[in-house]
J.: 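To start, I am sharing the structure in question, which I have written as structure tokens.
Only this structure's heavy atoms are used, side chains among them; waters, hydrogens and symmetry mates stay out. Just so you know, ligand 1 is whichever comes first in the structure, and atom 1 is the first atom listed for that ligand. Computed from a prediction, not measured in an experiment: that's the story for all the values here.
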Amino acid sequence: MYLISSVGNLLITSLVCLASTLHTPMYFFLCNLSVQDMLYITSILPKLMAITVTDDTSISFTGCIMQMFMFVFCLDAEFFLLTAMAYDRYVAICKPLHYSAIMNNRVCLLLNVLCWIAGGLNGLMHSLMVSKLSFCKLQDINHIFCELKTMLAISCSDTSKIITIILIEGLFIGVIPFFLIMTSYIFIISAILKIRTSAGRLKIFSSCSSHLVIVILLYGTSLGFYMKTDSENSQEQDKLFSLLYIAVVPMLNPLVYSLRNKEVVNAMKTLFKITKLTVRSQYYNK
Ligand SMILES: *[C@@H]1O[C@H](CO)[C@@H](O)[C@H](O)[C@H]1NC(C)=O
């Protein structure tokens, strides 16, 4: 999974950088999402593989805090990026004539940078707070990585404040973006329904279907996990669920976007043709 995700996301990133037909806001967002996916899995999966191979399950405190930082940073950035992408699709479909004016390069860059900064600040806040907690003795973390809630559970300091912060934050990181995405899609769907021909409908819908699939995947797996109340035997479920959004979703993102998308496939074909041509011309020059 790590290999497929890395290769897939690297492919998307290089494709968007190389193919000028993909230099549009939607693909810039996608490219940022891919970079963030790569960071995300790289901070968790190699360590998990090392643990599996060597049977040495220890992790340093610094390593643990860093993993937690990356986890919060990337997950938050992903939610914000998906929200920005939904807004981008809304403008493209419902206000097509104003699209290039509204989604200009500056706005696109600003939205992307904001997503990264907001995620980064939140990650920093959580890792600082957890690094101040005391962990009385050598502790077992019953999870596949240093996950925030699990870390709080094994601390012997008072964590009620942090837990309240997480709940309130859930509103701003999970619930509000989710409603913004839903609102965008309500407008998009009503715009699609107004189109008379079914071919026209399909064409418009296909430009946002990949995004919709990823939103459903990510929200389905991660929100359920963070919003539900804790019970004793839910830890095993938690681990399984988190594996879904740590390993499966980052792997599916590039697949969903590249295989189902004509623009990406065409860009890939064009690029391969160009490389073939240059290889050939080099050959003749020799
Ligand atoms: C992220 O988005 C910005 C703004 O549109 C774009 O310029 C940049 O190339 C993207 N970065 C990556 C790494 O994809």
J.: Do me a favour and list the nearest non-hydrogen protein atom to atom 7 (O) of ligand 1 with residue, atom name and distance?
T.: L109 CD1, 4.0 Å
J.: Regarding C64 and C146, I want to know if their SG-SG distance comes in below 2.5 Å, which is how I'm defining a disulfide.
T.: yes
J.: Check this for me - ligand 1, T13, N or O atoms closer than 3.5 angstrom, yes or no?
T.: no
J.: Using the rule given for ring pair (Phe, Tyr, Trp, His ring centres under 6.0 Å), can you reason through F135 versus F61, listing the C-alpha separation, both sets of side-chain angles and the distance that settles it, and then say yes or no?
T.: CA-CA 10 Å; F135 294 89; F61 189 65; 5.8 Å; yes
J.: Answer yes or no: are there more than 12 heavy-atom neighbours, outside F187 itself, under 6.0 Å from its atom CZ?
T.: no
J.: Atom CE of residue position M268 - does it have more than 12 heavy atoms of other residues, nucleotides or ligands inside 6.0 Å?
T.: yes
J.: Give me the nearest non-hydrogen protein atom to atom 5 (O) of ligand 1 as residue plus atom name, then the distance to 0.1 Å.
T.: C108 SG, 3.1 Å
J.: Can you check which of N32, I12, V16, T24 brings a heavy atom nearest to atom 1 (C) of ligand 1?
T.: N32
J.: Are F73 and W116 an aromatic pair, judged by ring center distance below 6.0 Å?
T.: yes
J.: Measuring from atom 6 (C) of ligand 1, which candidate in W116, F28, Y27 has the nearest non-hydrogen atom?
T.: F28
J.: Tell me which protein heavy atom sits closest to atom 14 (O) of ligand 1, plus the residue, atom name and distance to 0.1 Å.
T.: C31 SG, 2.8 Å
J.: Heavy-atom count check: over 12 atoms from other residues, nucleotides or ligands less than 6.0 Å from N105 CG?
T.: no
J.: List ligand 1 atoms under 4.0 Å from V35, heavy atoms only on the residue side.
T.: 13 (C)
